[in-house]
Structure formats: structure tokens, C-alpha cells
Amino acid sequence: MAEIILKVENLNVKLGKEEIIKDLSFEVKKGDILTILGPNGAGKTVLLKTLLGILPYQGEIKWRKEVKIGYVPQRLPFIKDSPMSIEDFFRLKGISTKEETKKALNSVGFEENSAFFQKGEIGNLSSGQFQRILVVWALIGNPNVLLFDEPTTGIDIGGEETIYGLLAKLKKERDLTILLVTHDLSVVYKFSNYVICLNKCPICQGFPKEVLNTETLQKIYGEEVKFYEHHKH
Amino acid sequence: MEQFLLSLIAGIFIGGVAGYLGTLMLSRKMSLVAGPLGHLTLPGIALALLYGFDVSLGAFPFVILGILLIWLFEIRTKLPIEALTAIVFASGVAIAFLFLPIEKAETALVGDISKIGFLDTLITCILSIFLFLLIKKIYFKITLINISEDLAKTEGINVKKYNLLYLFSIAIIVALGVKIVGGLLTAALVAIPAATARNLSRNLLQFSLGGAFWGVLSSFLGILLFKITGFPAGPLIIIVSTFFFLISLIFKRILP
């Protein structure tokens, strides 16, 4: 039995007067890949931010003591407001030399991509490349839990495929526990072993194959969604 | 000659730090804030000119008041911050003109660095160095906060504390800035060198030091031009600064 690293009980989150998350309880065990599934505006990102301790809440959030969290935000639109090289971005996390930055990038399999450095400003990277940079950035300091917020739009084609490949690889190498937000069903099936379905109120949770059915999916996404059986490739 | 040297030194120090801080303000889209705050200091400058004490000293409490008021209004109402700044700064200008002697109006509005004394210059330099070191210390943290407050918070950065230090830096630079460019032109002192540096830089170091460099150079040449032409130094510094900005636009198009 794997140890429990996060226990959430009766979580309620209000932003202003609006109730975003109602009465949510769940547990995360070491090594889990937990997906938080739901449509836009369902409160997924809010849940991640609450778990990070950024937003006020009612109820209980208990992280195990030795937990160290890395956070990959959805996107960082304001990064284009300063001229920033990749090296600068890593400097914000306390990494001060080009060698160290390279090492950090290498450690997640970026060695063939040294062209990354010649691109100049980080704002010029493609969304997919930038997302990988965000993952590397989050992993500096060796966190054992990764909170990953999937961008809803704007990742270049092929990007989504590789980011989950990268996450799977990292999980194996670093013994990570991953909590990830997504609206993409295929990610849930391929990648995770536990799913929480949210549409403000918690709709269902459990092993993806067991809890995701026509009824629950209609509750999440509305009537028009048809369920299709996922086939393993 | 000695008087001119003092003006030059004070101008260079203030210009440099203003340009440096300006890069942080530009990244946060706050370049213009120094403007309203500068206008708000006019009653303080008027008092200083009336009673013969240092204009920065007169300006400082009013900047602090301005920052507090804007901050309070922001919490208390749902009006956009720019409307609030407009209310605050317009009141400042209005109040100043109730008692500002008209013959001192030019000094109050566009500054006068030409009569700065030795002690005043010394204090200006010390404050500028202190401010430079403070900004250097908070630069990366503020940059991360500019990019994403959430990310900064998860990195354990005390966002409120750093924002306060940042606002405090703006307050000091406005108070120092009114010495050379008066209550009207403080925004230009932080905004233009930073904008020039932004056009010519591709990383943070080039950007931040670029802001300081263009600030120093503009003040230096502006005050030199004042010596030659006799026009007031404040507007000359800003005009030189704008000239560099225009040149940077050409280079921006050439840079890949």
C-alpha cells in the first residue's frame, strides 16, 4: 500500500461570492498520476491553485511533510513584456550560469535541442517548446510532486503528444507524483491512474475506466457528448 | 564650474537609477505611474520653494501620500486604477496652484538642477546608490512577480513585501526626479530610457543596464546642453532621451 501524500477533505473554494469548488474530498498516493478532468470554467485551475496554497479555502488540505511541489502553470502571457532569454528565466529560479541551465535542460532530454539557446528571447519559442521549458523549470530543486496545468489552447501540433511523453518519462526517472489538469479525455486514459471529474461540484472520481461512462461524461460536458470506448494503441 | 559639476553629478545619478527602475516599471506596464505621482508632489514642491528647503524633501511625503491613496482607493472601490490616479494627481496640481508663486512655477513644473548645493548632491548620490542596490536586490523577484504572481507565490516569494519595496523605490525616484525634471516630467525620466533599452535588448541584463545607461547618457547630455544653450535642463534631458528612443526605433528594425 503506497503512502498517502495528499489528503483533501470537504474542500470548498469561493472566489468573491461565486462558489467554485463544492465539498470535494480525495486522496493522492505516492506515485499516482491524478487527472482533474472537466470543461472550461469547471474550477480545475482553481483547484490546483488552492492545493498550492495560493487561494483561500474552507475544509482541509493536508500535504505530507516531506512533499516538495513543482508547479507548471497554464501559460505565462506576461513573459513577453520583458526581454528575457531562456537563461534569464532560469536565473529567476536561482540558476545562475549557462552551464547549469544546459544541465537542467539536458537532464530532461533536451541535449539535441541546443538550438533553444540561439533563439534569443523566450517569447520567441513555440508554445510547445515553452511548455517543456516550464516543466524543466518546475523540476529544478527536485520536487517529488508535480502540479501540471494543461493549457486549453495554443499548443503547436505535436506538442501535446510530446509533453505527456516527457511527463511519463520524468515520472519514471524521478519517482514523481503528478496532479494534472486537463480537458482531454485521451490523456486521462493513456496517462493517469486516477481521475477526478469536476464541474464545480465533484461529479465522480476513481479509476478512469471504472468511473468514466456516458452518464458521468454527460454530467461533465453536457448532453451532446457521446461516449466512445477507448482502445489501447 | 563647480556648480555645474554638482548639477551634472546629481543629474547622472538620478537619471541612471530612474532608467534602471524604469525597466522594471515597463515590464509591469507601470511606466506612466511616475507621472501622476510627480504631479501630486507639486504642493510639496511649492511648499519647498516657498520656504526654501529641498524640493525632494517637500515632494517625498506627497508621493507616499499618493501611493497610499491609490492603494486605498483600489481596495475601497472597483474603479480602474487609472481613473483613481487621475483623481489623485489632478487634485495635487490643483492644490499646488492655489499657493505656488507664479515666478517659481517653471522650477516646480520642469525642475531646476542648476543651483544644487554640495550637501544636496551628496545626499542625492547616496540615496541613488542605495536605491540602485535595493532595486538590484529585488529585480529578479519583481520580474517573476511581473510574469506570474502565482508562480512567485509557489516559489515562496513574499509578493506583498516585494511589491511594497518596489513601490517604495518608485516613491524615492519620483522624489529625486522632481529635482531635475520637476513635477511634470517624472514619467519621462523612467519611461523613455527603459523603452529605448527595450528596443535594443534581447535579455534582462542588456535591458536593465541599458535603462541605466540611456538614463545616465540623457542626463549627461541634457545638462551639458543646458550649459551651452541656457534652456532649462529638465526638458533638455527629456528631449535628448526621446532622441535616443527614436534612434533605437531604427536599430530595432535592423536587429533580427
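Everything numeric here is computed off the predicted structure, so don't read it as measured data. In what follows, chains are A, B, ... by sequence order, proteins preceding strands, each numbered from 1.
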Main-chain N/O of Leu204(B) paired to Asp88(A) side chain as donor or acceptor, under 3.5 Å: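 Judged by distance alone, yes, a pair lies under 3.5 Å.
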More than 12 heavy atoms from other groups under 6.0 Å of CD on Glu19(A):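 It does: Glu19(A) CD has more than 12 such atoms within range.
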Heavy-atom neighbours of Lys171(A) NZ exceed 12 at 6.0 Å: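 More than 12 within 6.0 Å, yes.
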From CG (Leu205(B)) to CD (Glu87(A)), nearest 0.5 Å: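 Reported to 0.5 Å precision, the distance equals 10.0 Å.
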Pairing residues for Ser56(B) by the side chain to side chain donor-acceptor pair (under 3.5 Å) criterion, not counting sequence neighbours: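 Once residues adjacent in sequence are excluded, the partners of Ser56(B) under the side chain to side chain donor-acceptor pair (under 3.5 Å) criterion are Lys179(B).
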Those residues of residues 133-172 of chain B, ordered by number, that approach chain A below 4.5 Å (heavy atom to heavy atom):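 Under the 4.5 Å heavy-atom cut-off, Phe140(B), Thr143(B), Leu144(B), Asn146(B), Ile147(B), Ser148(B), Asp150(B), Leu151(B), Lys153(B), Thr154(B), Glu155(B) qualify.
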Region of Lys80(A) in contact with chain B, defined by heavy-atom distances below 4.5 Å: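 For Lys80(A), backbone heavy atoms alone lie under 4.5 Å from chain B.
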Smallest separation among heavy atoms of Asp81(A) and Arg198(B), with atom names: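 Reported closest heavy-atom pair: O-NE, 3.8 Å.
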